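Predicted model, so just to flag it, every value in this text is computed and none were measured. Scope of the values below: all heavy atoms of this structure, side chains included, with no hydrogens, waters or symmetry mates. Lettering follows sequence order; numbering is per chain, from 1.
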2 protein chains.
Amino acid sequence: MANLKPTVVVIEDDPPIRRFLRTGLSTHGFTVYEADSGRQGIIEAGIRKPDLIILDLGLPDVDGVEVIKTVREWSAMPIIILSARSAEQSKIEALDAGADDYLTKPFGLGELLARTRVALRHWLRTPEQNPTGEFTTGNLRVDLINRWVHVGDQEVHLTPIQFRLLSMLVQNAGKVLTHHQILKDVWGPSHTESSHYLRIYMSQLRQKLEEDPTQPKYLLTESGVGYRLKV
Amino acid sequence: MANLKPTVVVIEDDPPIRRFLRTGLSTHGFTVYEADSGRQGIIEAGIRKPDLIILDLGLPDVDGVEVIKTVREWSAMPIIILSARSAEQSKIEALDAGADDYLTKPFGLGELLARTRVALRHWLRTPEQNPTGEFTTGNLRVDLINRWVHVGDQEVHLTPIQFRLLSMLVQNAGKVLTHHQILKDVWGPSHTESSHYLRIYMSQLRQKLEEDPTQPKYLLTESGVGYRLKV
DNA sequence: TAATCCTGTAATCAATAGGTTACGTTCGTG
DNA sequence: CACGAACGTAACCTATTGATTACAGGATTA
């Protein structure tokens, strides 16, 4: 969804309001899918996996609160309620059933859009929505963002320098990095001649990551040049 | 039952409404701190590190939108707006400045409480996307919404800071958090260098949560980097 | 095959970072 | 205003990390 348009499923039985929502939302960058009943809405939400649901409480077939509960059984996606019912008890029920916001008709398009922005802001903050910087080759898995390394299903602990070194290799996986480049990046520009540091830490990494450190499968030496992470 | 009550900072200059909020919120399980001006409210939010801010837009000294922006410079905590202004433009400005919800006066206490529950639900949403807000690993169970911690079938009492620290780790379970990140979030932006605080409280958490505090299974140290809650 | 260069590994030691205890102060509650 | 809980601070001790030295293996070449 990062560079695509956000998608929304509108569940609303009244055709004029549906048209109002369709034009308003699509001219503001949404891809809009529509449903005119609760049953249809639940199906649509399941198929489209939208970034947002806009739901009218007063549907002909199912009670809106039931729709909320059904969706919440399998997803935490944002749900914004539109309703003609302004009674407080109705709001409380919908919100406690799992809705994220509640607008009473009549409402302005500007406010609705502002509240969709709030809902999407919340939703985007959840970590598993964000891409992970995970790298895999063979039975070696590295997550640069969460900062862990797995060999098989075993977690491996690395010291800060070891991790920086591996991190640089991962970010240039497949390419050969010269001693000079690595030393400059990991130890800083004042240590570009201390190539024995590099050998020692490379050895430590192999001890921790390679099945047979004497026959490395991932951390390869390019003699006279540098090192390379095999992909 | 609950480990400790959630805290809220109420920023409102009108004494009758302030009293209404104080009694309403505290009888429903909140610890309430009050401020009668924007300036004071920002300070209070920084000191108390509440779970929620309730903010009146019509303050005598600072514009409410400025208060939102100032808080958002260093925290993503939920902010619910109360306002006499029902104009759509006012709502849009506040929501886009970073507010999470907007209620127009007059409003009912029931609706306000329902909307606080929504805000806290968003704020506490764990990476697992657990709808109940409960987190489990090994024999450690944490419920961020109801605020209790169990080790085995034994309830454990935590102090406010201890709970905030654990809460942050739970919300980022699996990830390494740097000293800096934790200090900023738990103690506030002015304590980012006081890393010995962190060590002491981490030690206290281990005493309470780990079977063998010298060999932690959950609260892991990433030496030279920070800490991590193992999943 | 001897010399040389590049590479890998082990062991040591100092510096830094982390863990724990104890104690004084503050703050909220009754 | 007295009590206890929670917090901040200092001091001390332990563990981890990183730098460094020394040495061993292996390949290339004269």
*What pairs with B/Lys217 under side chain to side chain contact (heavy atoms under 4.5 Å, CB included), at least two apart in sequence or on another chain?*
B/Glu210, B/Glu211
*Quick one: label A/His157 by what it contacts on the DNA or RNA (base, sugar-phosphate, nothing), any heavy atom closer than 4.0 Å.*
sugar-phosphate
Distances under 3.5 Å only, N/O to N/O: pair up the protein atoms with those of nucleotides 26-29 of chain C.
unit_1	atom_1	unit_2	atom_2	d
C/dG28	OP1	B/Arg48	NH1	3.4

*asked:* Could you tell me how far apart B/Leu220 (CG) and D/dA15 (P) are, to the nearest whole angstrom?
replied: 17 Å
*Closest approach of B/Leu57 and B/Ile81, non-hydrogen atoms and distance?*
CG-CG2, 3.5 Å
_Position toward the 5' end of DNA chain D (nearest nucleotide), A/Pro160 or B/Tyr201_ = B/Tyr201
Quick one: which protein N/O atoms are closer than 3.5 Å to N/O atoms of nucleotides 16-24 of chain C? Pair and distance per line, please.
unit_1	atom_1	unit_2	atom_2	d
C/dG18	OP1	B/His179	NE2	3.3
C/dG18	OP1	B/Gly224	N	3.2
C/dG19	OP1	B/Arg206	NH1	2.5
C/dG19	OP1	B/Thr221	OG1	2.7
C/dG19	OP2	B/Tyr227	OH	2.6
C/dT20	OP2	B/Ser203	OG	3.2

*Write down the distance between NZ (B/Lys49) and C1' (D/dA6), rounded to a whole number of angstrom.*
15 Å
*Report the distance from atom CD of A/Gln215 to atom C1' of D/dG25, rounded to the nearest whole Å.*
14 Å
_Spacing between A/Lys208 atom NZ and C/dT9 atom P, to the nearest angstrom_ = 14 Å
*For DNA chain C, determine which residues of residues 163-173 of chain A have any heavy atom closer than 4.0 angstrom to one of its atoms, and list them numerically.*
none
*Determine the minimum heavy-atom distance between B/Ser86 and B/Thr104, stating which atoms define it.*
CB-CG2, 3.7 Å
*Quick one: closest heavy-atom pair of A/Pro78 and A/Asp51, and the distance?*
CD-O, 3.3 Å
*Let me know the distance between CD of B/Glu193 and P of D/dG8, rounded to the nearest Å.*
16 Å
*Go through the structure and list residues passing side-chain hydrogen bond (donor to acceptor under 3.5 Å, both in side chains) with A/Arg141, not counting sequence neighbours.*
none
*asked:* Any donor-acceptor pair under 3.5 Å linking the side-chain atoms of B/Thr221 with those of B/Arg206?
replied: yes
*Does anything in residues 92-103 of chain A pair up under side chain to side chain donor-acceptor pair (under 3.5 Å), and if so which pairs, sequence neighbours excluded?*
A/Arg72-A/Asp100, A/Ser83-A/Tyr102, A/Ser90-A/Tyr102, A/Asp96-B/Arg117, A/Asp100-B/His122, A/Asp101-A/Arg115, A/Asp101-B/Arg115
_I need the minimum non-hydrogen distance between A/Val65 and A/Ala97, along with the two atoms involved._
CG1-CB, 3.8 Å
*Identify, with sequence neighbours excluded, every residue that meets side chain to side chain contact (heavy atoms under 4.5 Å, CB included) alongside A/Asp212.*
A/Thr214, A/Gln215
*Pairs flagged by side chain to side chain donor-acceptor pair (under 3.5 Å) wherever residues 164-175 of chain A is involved - sequence neighbours left out*: A/Ser167-A/Gln171
_With side chain to side chain donor-acceptor pair (under 3.5 Å) as the rule and sequence neighbours excluded, what pairs involving residues 40-50 of chain B come up?_
B/Gln40-B/Glu44, B/Glu44-B/Arg48
*Under the side-chain hydrogen bond (donor to acceptor under 3.5 Å, both in side chains) test, residues paired with B/Arg18 that sit two or more places apart*: B/Glu34
_Just N and O in the side chain of B/Trp187: are any of them under 4.0 Å from OP1 or OP2 of D/dG8?_
yes
*For A/Tyr201, what residues pass the ring pair (Phe, Tyr, Trp, His ring centres under 6.0 Å) criterion, not counting sequence neighbours?*
A/Trp187
*Per the end-axis method with five pairs at each terminus, what is the bend angle of the helix from C/dT1-D/dA30 to C/dG30-D/dC1, to 10°?*
30°
